[in-house]
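Here the structure is laid out as structure tokens; the discussion comes afterwards.
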Protein chains: 2
Amino acid sequence: MADDLAPEQLRAYFVLMESASLLHHAVEQQLRAEGELSYVQFQLLMRLAGADGPLTMTELADGVVYSRSGLTHQAGLLEKAGLVTRGAGPGDQRSTVVEITDAGRERVAKVLPGHVEVTRGQLFEPLSGKDVRVLGDIMTRVRDHMRAQPPRSAAGRKRR
Amino acid sequence: MADDLAPEQLRAYFVLMESASLLHHAVEQQLRAEGELSYVQFQLLMRLAGADGPLTMTELADGVVYSRSGLTHQAGLLEKAGLVTRGAGPGDQRSTVVEITDAGRERVAKVLPGHVEVTRGQLFEPLSGKDVRVLGDIMTRVRDHMRAQPPRSAAGRKRR
DNA sequence: TATTGTTATACTCTATAACTATA
DNA sequence: TATAGTTATAGAGTATAACAATA
């Protein structure tokens, strides 16, 4: 239970953060330039496009956005752009269901080739097939672990 | 040269972005709560703390920030908080050199234990030593590749 | 009472363009 | 002319708290 990280850990942490930042930046630029979308908006559209039917706001938020109001805001922007619709849910009357429109699917289709090109050129080019599998495996474990963790606010960790 | 990614690639890409986002969020919360720092500010302080002496704005910006004005702004905030100083460079008279103060080092020291705790709890707990080495190796290659890439603006990639 | 979602609001971050000063 | 950095400013993203409506 040393109080600091091993050098390999520190190195892995920083390089992960840095490369993720670079990738995020590259991807944001492409989405903005070719489709006037942020990555968050792209994620929301991808989720809706992949879902069988409409999703509730809560289902949609999961893992993409960290506050309710943030999602309300983004969904409002997507709705104003005609890419999604919002309506009353069939079951629980409190819920709002969000559905992707044809224009939304078209926007995804418009943006996707360039997106694939960027991710391939930036992320995958220096990686072998094995690297990709290993990376996917490792990050899947990390993600599942993080999501299983208690919300982990700063409380309870304070020492002074 | 298929126009889409292999399923493993798509999966690796999305899970990388998602886990990086979760990690970034957790880390921002810790830094903000315990040290009133953003991750960018933390990175800048860490660089300055690790450097032998002062760094120029340009050296400091590298890989952390994507616009000159962004760095000017962040450096201004750090200076106002007393964590760094800015002065005229010794050689090139156009340059500004930035140096960390004692208060800046104290702030880093104050924040670091909690930071280590968060990264260990969120990122490293589900990973073996080998995983960490492999992850560091893969992401290092990705980072080096991205940094070697031409700035890669949206121009030249447009199809329609 | 707890949960779903929205609203109002304020704050931070980032980026673009115009500008100064030095090389 | 090109480079280092700042300023002004505008836009986007995000979060908190108060709120309404339903469970």
Side-chain angles (χ1 to χ4, degrees), chain A residues 21-22 24-33 35-44 54-81 84-99 151 153-155, chain B residues 21-22 24-33 35-44 54-81 84-99 151 153-155:
Chain A
S21 169
L22 287 165
H24 187 264
H25 190 254
V27 148
E28 286 265 351
Q29 291 223 126
Q30 183 268 326
L31 291 171
R32 186 67 68 188
E36 293 185 339
L37 293 173
S38 68
Y39 183 69
V40 166
Q41 289 161 0
F42 173 69
Q43 276 183 102
L44 295 175
L55 298 177
T56 67
M57 294 292 279
T58 299
E59 290 165 343
L60 194 52
D62 184 46
V64 175
V65 144
Y66 303 93
S67 72
R68 294 184 171 291
S69 62
L71 180 57
T72 297
H73 181 234
Q74 291 300 331
L77 292 178
L78 291 174
E79 186 177 39
K80 189 155 48 177
V84 307
T85 57
R86 279 190 290 187
D92 191 325
Q93 289 303 110
R94 291 171 302 184
S95 66
T96 299
V97 294
V98 186
E99 190 163 18
S153 79
Chain B
S21 169
L22 289 164
H24 187 264
H25 189 253
V27 148
E28 285 266 350
Q29 291 224 125
Q30 183 269 325
L31 290 172
R32 186 67 68 188
E36 293 184 343
L37 293 174
S38 68
Y39 183 68
V40 165
Q41 290 161 0
F42 173 70
Q43 276 182 101
L44 295 174
L55 297 177
T56 66
M57 294 292 280
T58 299
E59 290 166 344
L60 195 53
D62 185 46
V64 175
V65 143
Y66 303 94
S67 72
R68 293 184 171 292
S69 63
L71 180 56
T72 296
H73 180 235
Q74 292 300 332
L77 292 178
L78 291 175
E79 187 178 39
K80 188 155 48 177
V84 306
T85 57
R86 279 189 291 186
D92 191 326
Q93 290 303 112
R94 292 170 301 185
S95 67
T96 299
V97 294
V98 187
E99 191 163 16
S153 79

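Just so we're on the same page: letters track the sequence lines, and every chain starts at 1.
D:dT3 atom C1' lies 15 Å from atom CG of B:L71, rounded to whole Å. The distance between atom CG of A:L44 and atom C1' of D:dA12, rounded to the nearest whole Å, is 15 Å. The interatomic distance linking A:L55 (CG) with C:dT4 (P) rounds to 15 Å, in whole Å. Between the CD atom of B:E36 and the C1' atom of C:dC11 there is a distance of 14 Å, rounded to whole Å. Straight-line distance from the CD atom of B:Q43 to the C1' atom of C:dC13: 14 Å, rounded to whole Å. Atoms CG (B:L31) and P (C:dC13) sit 12 Å apart, rounded to a whole Å. In this entry the distance linking CE of A:M57 with C1' of C:dG5 reads 7 Å, nearest Å. Atom C1' of nucleotide D:dA12 and atom NE2 of A:H24 are separated by 13 Å, given to the nearest angstrom.
For the pair A:L77 and A:G91, nearest-nucleotide mapping onto DNA chain D gives the more 5' position to A:L77. Comparing A:H73 and A:D92, the nucleotide of DNA chain C nearest to each residue sits closer to the 5' end for A:D92.
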>> One pair to check against side-chain contact (heavy atoms from CB on, under 4.5 Å): A:L44 and A:L71. What are the steps and the verdict?
In response: CA-CA 9 Å; A:L44 295 175; A:L71 180 57; 3.9 Å; yes

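When each of D:dT14, C:dT3, C:dT16 is scored by its nearest atom to the side-chain atoms of A:R94, the top-ranked nucleotide is C:dT3. Between C:dC13, C:dA15, C:dT6, one nucleotide has an atom nearer to the side chain of B:R32 than all others, and that is C:dC13. For A:T58, the side-chain atoms get nearest to C:dT4 when compared with the rest of D:dA8, D:dG5, C:dT4. Side chain of B:Q41, nearest nucleotide from C:dT22, C:dC13, C:dG5: C:dC13. Checking D:dA15, C:dA15, D:dT22 against every side-chain atom of A:S67, the shortest atom distance belongs to D:dA15. With distances taken from any side-chain atom of B:S69 to the nucleotides C:dT16, D:dT14, C:dC13, the minimum falls on C:dT16. Nearest to the side chain of B:R86, among D:dG5, D:dT6, C:dT4, sits D:dT6.
The aromatic rings of B:Y39 and B:H24 lie perpendicular to each other, with more than 60° between the two planes, well past the 30° mark.
Residues A:V27 and A:Q30 fail the side-chain proximity criterion, which asks for heavy atoms closer than 4.5 Å. Residues A:P54 and A:V98 are not in side-chain contact: their nearest non-hydrogen atoms beyond the backbone lie 4.5 Å or more apart. Residues B:R86 and B:V97 form no side-chain contact, since every pair of their non-hydrogen atoms from C-beta on lies 4.5 Å or further apart.
B:E28 places no side-chain N or O within donor-acceptor distance of the main-chain N or O of B:H25, the cut-off being under 3.5 Å.
An OP1 or OP2 oxygen of D:dA15 is reached within less than 4.0 angstrom by no side-chain nitrogen or oxygen of B:Q29. Of the side-chain N and O atoms in B:H25, one or more sit less than 4.0 angstrom from OP1 or OP2 of D:dA15. At least one side-chain nitrogen or oxygen of B:R68 sits closer than 4.0 Å to the OP1 or OP2 atom of D:dA4. In this model, the phosphate group of C:dT12 is not approached by any side-chain N or O of B:Q74 to a distance below 4.0 Å at OP1 or OP2.
Using a 4.0 Å heavy-atom cutoff across all strands shown, B:S95 reaches sugar-phosphate atoms only and no base atom.
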